[in-house]
Amino acid sequence: DAAQDTNLPAVLRPQEEATTSEMVEVGYCRPVLSLDWNPEGIQADLQFQYDELRIDASAPDIICTERGLLQRDPGKEKQARQRLQELGFTEAEPGHRGFELENPELILTFIENSLPDLFNNWTLFYSGSFLDKRKESGPVTVTAETTSENDSEFELRLTPQSPANQVLKLDNLLPALTKGSRLFKMDSGAVVHVPPKIRQALQMLAERAKERNNDRLKFGRYAALPVHATVNLFHNNTNARWQELCQRLQKPVDHELNTIPTSLQGVLRDYQKDGVAWMLRLQDCGFHGILADEMGLGKTVQALTLIQLQAAKSTAPSMVVCPTSLVENWLCEAHRFTPYLNAAIISGSDRDHQISQLHNYDLLITSYALLRRDIKKYRDIRFQHLMLDEAQHIKNPDTANAKTCKAIAAKQRWILTGTPLENNLRELWSLFDFLMPGMLGNRSFFREHYEKQADNSATTQQLIKQVRPFIMRRTKEKVCNQLPEKMEQLVYCDLYEQQREIYNGLMNSARQLLQRVQQNPAGNRMECLSILMRLRQVCSLPALLPEELQPDDGESIPSAKMDLLKEIVYECMDSGRRMLLFSQFTKVLQYIAEWLNAESINFEYLDGSTKNRMERVNKFNTDGTIPIFLISLKAGGTGLNLTGADTVIHYDQWWNPMVEDQ
């Protein structure tokens with residue numbers, strides 16, 4: 001019996017002890033520790049072994065063994081008691097051999113780290129209760145099992161277990177984890193702990209769950225991928241459909257796509273067909289995504305192809321939401337590439353009637369600004385596809401644009417943007433909150449786990465793994481072998497209302513002038529040229545118009561083309577492009593220069609008044625930090641070797657197309 005005293009020492013009389021102590025050698029002392037464990041904690045009985053004799057602290061200083069008299073080693077015995085106290089044990093009664101350890105943290109440290117060290121230098125005895133509870137103590141494991149699933153959600157049962165396979169209640173575990181505790185003392189006194197990765201996984205699952213009932217957690221299907229990555233840390237007793245979807249998402253896109261409409265077979269390049277195939281795969285799996293191809297690679301035509309493929313199968317219309325300056329461009333592209341789609345712009349004072357008739361259309365196009373005004377009219381409408389173009393308009397989740405777009409009901413949600421992430425991780429969260437709410441957790445969860453740990457490479461890689469299957473991005477460099485030597489894009493924009501009023505007024509004057517011209521062609525030639533110039537000016541920048549055509553209140557008239565240009569410049573910069581921007585109007589260039597200065601964007605400038613032309617050219621060609629060169633078409637159209645740029649923007653068309661091409 002570990003706790004039983006044997007071979008009690010012979011007792012010496014005080015006089016004999018005093019006369020012989022100087023001649024007695026100090027015995028070799030080996031601490032003996034007998035361990036027991038009850039619901040309160042660990043009990044330790046400390047004794048000391050001298051040869052065959054085991055004693056406790058109450059024994060005399062000189063003891064008698066079979067080899068003769070030995071003097072106890074008080075220093076070694078004191079070290080043993082101090083060692084126990086360092087490990088967290090307290091004496092049950094001062095001066096006695098009994099010690100206790102009740103703190104769960106210290107108990108776990110003792111059985112996992114300290115016992116092996118003591119084993120080398122001490123003699124240890126264990127009771128049956130101690131051995132049982134030691135087996136019950138240690139790291140928690142978790143088993144995950146799918147209990148139900150359908151097309152929109154799935155349910156998991158999570159079963160935490162002790163090392164002895166005792167089932168722990170998830171309801172008891174999660175609140176303690178939230179408070180920062182990792183240790184749990186069981187009713188028997190055994191101590192279990194939750195390893196950091198398991199602890200983080202349980203917290204993430206609890207945050208992402210739509211609802212929790214005891215050990216069952218219910219998730220939206222959108223959460224399949226992060227949940228799949230998380231439950232891989234557990235003993236996973238499931239091979240459910242939602243996990244098969246995750247495996248399908250992580251496979252390469254199938255390059256064969258036989259469903260492309262005949263009218264687009266010769267139009268789409270291979271990488272664009274891959275983009276449509278990728279969107280179709282996400283759609284079939286019930287997910288949503290971000291088409292983030294670089295500017296100029298045809299995000300619009302890929303989106304239109306997807307809409308046309310779906311139009312024949314669904315009676316619900318699709319909707320594109322874009323900046324006001326791109327509304328007309330979307331309609332032109334739809335007419336050009338998908339003429340079979342019945343497409344229309346929601347605009348003007350007749351919007352109520354248009355919205356009431358929307359089921360007569362395949363595709364509706366509206367602006368972020370108008371959507372904010374009309375949101376209540378879409379309350380009971382469910383679209384087939386909802387596509388957001390230039391999604392920087394919803395990157396701040398607190399804006400009206402973001403809240404409005406997230407309120408629209410749609411079977412499939414898509415984002416088209418060349419820059420899914422510009423400034424901070426919050427933008428990425430807002431995009432996915434539109435696509436698949438809850439996939440990246442709620443706002444506070446994402447802030448704590450990702451934004452505040454943005455410098456942690458492991459955390460960043462975890463986030464990348466979660467979002468990668470839902471983002472398709474190709475750059476020009478990746479698909480350059482499929483691109484022509486030069487790509488040209490004509491971008492349309494509609495005039496703002498105030499611009500349109502001035503334009504219509506000038507047009508009426510032009511019609512009256514034409515009537516006079518018929519009577520006297522030679523006498524009105526300059527007046528014809530003048531009014532043509534005015535029409536060009538109001539389209540380019542109303543501030544170019546003479547004072548008599550400006551508003552009486554002194555307010556400047558906004559320019560739709562200038563606003564569109566700013567979006568194009570930002571997108572080119574985000575894609576690493578360097579631009580030459582031509583205009584025939586130096587006042588336009590000066591206006592753009594003021595805007596670039598206000599935005600702290602480096603630029604170079606050249607017009608007819610520039611003296612050091614080559615110095616400006618050389619600086620732009622050699623300094624990669626300058627993204628844009630503003631050039632007057634007349635002054636800089638010839639004689640300049642501008643090798644530093646890869647993109648040319650004509651803000652306005654020149655009178656002579658040959659000069660413009662040069």
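- Here the side chain of Arg413 pairs no donor or acceptor atom with the backbone of His288 at under 3.5 angstrom.
- Trp429 and Phe446 have tilted rings, their planes meeting at an angle from 30° to 60° on a 0 to 90° scale.
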*side-chain contact (heavy atoms from CB on, under 4.5 Å) between Leu425 and Leu463: does it pass, once the steps are laid out?*
CA-CA 10 Å; Leu425 288 179; Leu463 179 60; 4.0 Å; yes
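- Across every non-hydrogen atom of Val192 and Ser162, the tightest pair is CG1-CB, 3.9 Å.
- Side-chain atoms of Gln283 and His385, non-hydrogen and from C-beta on, do get closer than 4.5 Å to each other.
- The side-chain heavy atoms of Leu87 and Leu101, taken from C-beta on, include no pair separated by under 4.5 Å.
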*asked:* Show, in sequence, the C-alpha distance, side-chain angles and deciding distance for Lys406 and Asp433, and conclude whether the side-chain contact (heavy atoms from CB on, under 4.5 Å) test is met.
replied: CA-CA 8 Å; Lys406 292 170 187 180; Asp433 189 48; 3.1 Å; yes
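- Tyr50 does not carry Arg72 over the face of its six-membered ring by the limits of under 6.0 Å from the centre and within 45° of the normal.
- No hydrogens or angles considered: a donor-acceptor pair under 3.5 Å links the side chains of Glu136 and Ser188.
- The distance from atom OG1 of Thr146 to atom CZ of Phe219, rounded to the nearest 0.5 Å, is 10.0 Å.
- With sequence neighbours excluded, the residues that form a side chain to side chain contact (heavy atoms under 4.5 Å, CB included) with Glu448 are Lys452.
- Atom CG of Leu33 is separated from atom CG of Asp45 by 8.0 Å, given to the nearest 0.5 angstrom.
- Contact check for Glu77 versus Ile55: side-chain heavy atoms found under the 4.5 Å cut-off.
- Of all heavy-atom pairs between Asn121 and Asp117, the closest is ND2-O, 3.8 Å.
- For the residue pair Cys405 and Leu386, the shortest heavy atom distance occurs at O-CD2, 4.0 Å.
- Separating the CE atom in Met472 from the CD atom in Gln302 is a distance of 8.0 Å, to the nearest 0.5 Å.
- A 4.5 Å side-chain heavy-atom check between Leu306 and Gln412 finds every atom pair outside the cut-off.
- The main-chain N or O of Leu202 is never found under 3.5 Å from a side-chain atom of Gln200 such that the two would form a donor-acceptor pair.
- Side-chain atoms of Arg54 do not come within 3.5 Å of backbone N or O of Gln47 as any donor-acceptor pair.
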_Criterion side-chain contact (heavy atoms from CB on, under 4.5 Å) on Leu388 and Tyr368, from CA distance to verdict_ = CA-CA 9 Å; Leu388 305 187; Tyr368 290 101; 3.6 Å; yes
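- Judged purely by atom type and a 3.5 angstrom limit, Arg382 has no side-chain atom pairing as donor or acceptor with the backbone of Ala409.
- Environment of NZ in Lys411: sparse, with no more than 12 heavy atoms of neighbouring residues, nucleotides or ligands closer than 6.0 Å.
- In this structure, the side chain of Lys78 does not engage the main chain of Asp73 through any donor-acceptor pair within 3.5 Å.
- Residues Leu46 and Trp122 are in side-chain contact: their nearest non-hydrogen atoms beyond the backbone lie under 4.5 Å apart.
- Within the 3.5 Å criterion, the main-chain N or O of Ile394 finds a donor-acceptor partner in the side chain of Ser430.
- Considering CD of Glu149 and CG of Leu156, their distance stands at 9.5 Å, rounded to 0.5 Å.
- Contact annotation: the side chain of Thr404 never approaches that of Val321 to less than 4.5 Å [non-hydrogen atoms, C-beta and beyond].
- Using modelled atom types and a 3.5 Å distance limit, the side chains of Arg157 and Thr147 yield no donor-acceptor pair.
- Using cut-offs of 30° and 60° for the angle between ring planes, the Tyr126 and Phe130 rings count as parallel.
- Other residues, nucleotides and ligands place more than 12 heavy atoms under 6.0 Å from the CG atom of Asp398.
- Note that the NZ atom of Lys395 and the CZ atom of Phe434 stand 14.0 Å from one another [nearest 0.5 Å].
- Of the possible polar contacts, one joining the Asn442 side chain to the Phe445 backbone as a donor-acceptor pair under 3.5 Å is found.
- Not a single donor-acceptor pair under 3.5 Å links the side chain of Trp37 to the backbone N or O of Arg134.
- Here the side chain of His228 pairs no donor or acceptor atom with the backbone of Ala224 at under 3.5 angstrom.
- For Ala190 against Lys133, the heavy-atom pair with the smallest separation is CB-O, 3.8 Å.
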*Apply side chain to side chain donor-acceptor pair (under 3.5 Å) to Thr123 and Arg30, showing your working.*
CA-CA 7 Å; Thr123 299; Arg30 184 178 179 88; 2.8 Å; yes
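- Atom CG of Asp284 is surrounded by more than 12 heavy atoms from other residues, nucleotides or ligands within 6.0 Å.
- Residues Val194 and Val142 form no side-chain contact, since every pair of their non-hydrogen atoms from C-beta on lies 4.5 Å or further apart.
- In this structure, Glu571 contributes its side chain and Glu294 its backbone to no donor-acceptor pair below 3.5 Å.
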*Between Leu70 and Glu25, is a side-chain contact (heavy atoms from CB on, under 4.5 Å) present by the stated rule, with each step listed?*
CA-CA 6 Å; Leu70 289 177; Glu25 66 175 300; 3.7 Å; yes
*Between Arg83 and Glu86, is a salt bridge (Lys or Arg N to Asp or Glu O under 4.0 Å) present by the stated rule, with each step listed?*
CA-CA 5 Å; Arg83 177 64 176 142; Glu86 290 170 359; 3.7 Å; yes
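- At most 12 heavy atoms of other shown residues, nucleotides or ligands fall within 6.0 angstrom of atom CZ in Arg468.
- Annotation for Lys299 and Leu291: closest pair CD-O, 3.4 Å, computed over non-hydrogen atoms.
- Atom NE2 of His193 is separated from atom CD of Glu105 by 10.0 Å, given to the nearest 0.5 angstrom.
- For the residue pair Thr399/Asn401, the side-chain donor-acceptor check at 3.5 Å is not satisfied.
- The shortest side-chain heavy-atom distance between Val320 and Leu416 does not fall under the 4.5 Å cut-off.
- In this pair, Phe383 and Tyr378 present their aromatic rings tilted. The plane angle is within the 30 to 60° band.
- Counting all heavy atoms, side chain and backbone alike, Ile471 lies closest to Trp278 at N-CZ2, 3.6 Å.
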